[in-house]
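Note on naming: letters A, B, ... go to the chains in the order of the sequence lines (proteins, then strands), and numbering restarts at 1 for each one. Basis for what follows: all heavy atoms, side chains included, without hydrogens, waters or symmetry-related copies.
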Number of protein chains: 2
Amino acid sequence: MKTKAPHDLETAGTRERIVRTASRLMQRQGYEGTGIKQISREAGATLGSVYHFFPGGKQELGTAAVRLGDEEFTELLREFLDAEPDPAKALVALTASLAQGLRESDWLDGCPVTSTVVGTAAGAPGIQQAAAEAFARWRAVVAGKLVTAGFAEADAEDLAHTVIATLEGAELASQVARSETPLEAAGRHLARLIATYGGSVRT
Amino acid sequence: MKTKAPHDLETAGTRERIVRTASRLMQRQGYEGTGIKQISREAGATLGSVYHFFPGGKQELGTAAVRLGDEEFTELLREFLDAEPDPAKALVALTASLAQGLRESDWLDGCPVTSTVVGTAAGAPGIQQAAAEAFARWRAVVAGKLVTAGFAEADAEDLAHTVIATLEGAELASQVARSETPLEAAGRHLARLIATYGGSVRT
DNA sequence: CGGCGACTAGAACGAACGCTCTATCCAGAG
DNA sequence: CTCTGGATAGAGCGTTCGTTCTAGTCGCCG
């Protein structure tokens with residue numbers, strides 16, 4: 001994986017533009033709801049370019065989109081966990097940020113990995129596997145933070161499962177309900193749950 | 001809502017067969033990934049019948065499918081909550097049951113409401129609204145149980161948000177990871193969270 | 001028996017799908 | 001300069017999409 005990594009401009013490499021566009025569109029419309037022609041059009045690329053960079057077709061492109069979503073959320077997660085020594089407080093801040101992002105997109109931009117992978121379990125194994133790897137990485141990041149904060153390794157890994165699952169579920173619930181409440185409650189309750197492992201309890 | 005309600009046989013009314021088939025297919029393949037012709041074929045109905053019963057087309061059919069999923073899960077939820085006075089224990093039993101169902105379907109059958117609604121936020125408002133109503137109903141069922149168990153109403157409604165969100169997220173995580181672990185951990189942690197509200201704590 | 005609404009049946013439409021194909025462009029190596 | 005191979009470009013393939021439409025079947029009420 002030796003990418004030139006021109007990291008954000010819209011004048012980024014064609015391949016980069018295609019993946020970003022695919023990720024954004026699949027986040028809103030799902031994998032099946034997004035057409036390759038729509039992606040190429042909105043990315044300012046042509047069909048030829050898409051199949052040049054992704055000879056595996058839509059499935060390979062979807063996999064790349066999931067991996068991009070993985071990287072982006074991993075970075076966000078690390079950012080919030082690093083900014084605050086107390087994991088509970090970090091999670092509250094993270095849920096608030098997720099809720100804000102959701103609201104600002106008019107409740108359209110949920111988790112890109114979730115939106116893309118749902119409905120592809122059968123028939124697109126590459127995407128399903130990339131999503132599984134994403135969830136595993138996020139869990140590892142959370143578990144690492146908990147260990148650093150003094151948790152036993154077993155407890156940390158166990159808790160990380162629920163932290164990630166609850167974040168995913170709450171983001172989905174917030175999106176569907178078009179309300180920040182589920183995410184806000186999730187943050188508060190995760191903090192409370194973490195506090196039961198010997199830390200200070202603060203409602 | 002005056003349905004004749006022939007409740008399960010495959011010789012049920014045509015309309016019933018169509019909705020059930022639509023719900024099952026959308027649960028596996030998502031809304032966009034499921035074609036009306038596939039539904040009519042597998043339901044043993046014809047295209048004419050589908051449009052006779054659902055003149056609103058695919059969107060109306062999708063909405064009906066979401067409502068069916070709503071009813072089914074509401075019933076399951078009530079069943080587990082009624083079978084056990086302690087809400088925490090009931091939730092542990094529920095997550096175990098969900099995990100078992102998921103495994104038995106070879107990790108194909110996630111939450112029918114979630115699978116159908118994801119990716120339809122824009123462009124199919126009826127489906128999104130039906131899903132919002134489903135989540136709200138489930139929350140109300142959980143909150144009712146918590147109140148019965150002695151929780152303050154505000155705490156109960158607050159907790160219900162996280163219970164439903166965590167169940168959704170854990171089912172998704174279990175499906176993607178093809179493992180019962182996320183659901184099992186979610187059940188245990190929800191029980192622990194509930195126990196922090198004054199009940200007996202039992203890990 | 002005639003008539004009527006509910007339901008079944010499936011051909012056909014235009015649009016969009018994922019993908020293949022050939023043709024062209026162009027920077028750098030020789 | 002020529003040559004080459006990565007990258008761009010888009011017409012066109014066969015298929016499927018959601019939907020519409022006309023025709024036919026059936027049971028029931030008069």
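At whole-Å resolution of the value, CZ in R41(B) and P in dT8(C) are 18 Å apart. Residue E16(A) contributes atom CD, which lies 17 Å from atom C1' of dA7(D) at whole-angstrom precision. Going from atom CD1 of I39(A) over to atom C1' of dC17(C) covers 12 Å, rounded to whole Å.
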Could you go over nucleotides 25-28 of chain C and give all protein N or O partners under 3.5 Å, atom names and distances?
none

Enumerate all atom pairs, one protein N or O and one N or O from nucleotides 3-7 of chain C, separated by less than 3.5 Å.
| unit_1 | atom_1 | unit_2 | atom_2 | d |
| --- | --- | --- | --- | --- |
| dC7(C) | OP2 | H52(B) | NE2 | 3.0 |

Check nucleotides 18-24 of chain C for protein N or O atoms closer than 3.5 Å to its own N or O atoms and list the pairs.
| unit_1 | atom_1 | unit_2 | atom_2 | d |
| --- | --- | --- | --- | --- |
| dG18(C) | OP1 | T34(A) | O | 3.3 |
| dG18(C) | OP1 | K58(A) | NZ | 2.7 |
| dG18(C) | OP2 | I36(A) | N | 2.9 |
| dG18(C) | O6 | K37(A) | NZ | 3.2 |
| dC19(C) | OP2 | Y51(A) | OH | 3.1 |
| dC19(C) | OP2 | K58(A) | N | 2.8 |
| dC19(C) | O5' | Y51(A) | OH | 3.4 |

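Looking at T166(A) and T166(B), their side chains do bring a donor and an acceptor atom within 3.5 Å of each other. Using modelled atom types, one finds no donor on one side chain facing an acceptor on the other under 3.5 Å when comparing Q27(A) with S115(A). When only modelled atom types and interatomic distance are considered, E168(A) and T114(A) share a side-chain donor-acceptor pair under 3.5 Å.
Remark: Q38(B) CD is packed, more than 12 non-hydrogen atoms of other residues, nucleotides or ligands lying under 6.0 Å away. At most 12 heavy atoms of other shown residues, nucleotides or ligands fall within 6.0 angstrom of atom CZ in R78(A).
The existence of a salt bridge linking R20(B) and E16(B) is confirmed by a sub-4.0 Å separation between a basic side-chain nitrogen and an acidic carboxylate oxygen. Under 4.0 Å is where a charged nitrogen must lie from a carboxylate oxygen, and between R188(B) and E184(B) at least one such pair does. Contact check on R103(B) versus E180(B) returns a salt bridge, with a Lys/Arg side-chain nitrogen under 4.0 Å from an Asp/Glu carboxylate oxygen.
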When you look at T21(A) and R24(A), which way does the side-chain hydrogen bond (donor to acceptor under 3.5 Å, both in side chains) test go after all the steps? CA-CA 5 Å; T21(A) 306; R24(A) 204 190 61 231; 4.7 Å; no
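Aromatic ring pairs are classed by plane angle as parallel below 30°, tilted from 30° to 60° and perpendicular above 60°; the pair F151(B) and Y197(B) is tilted.
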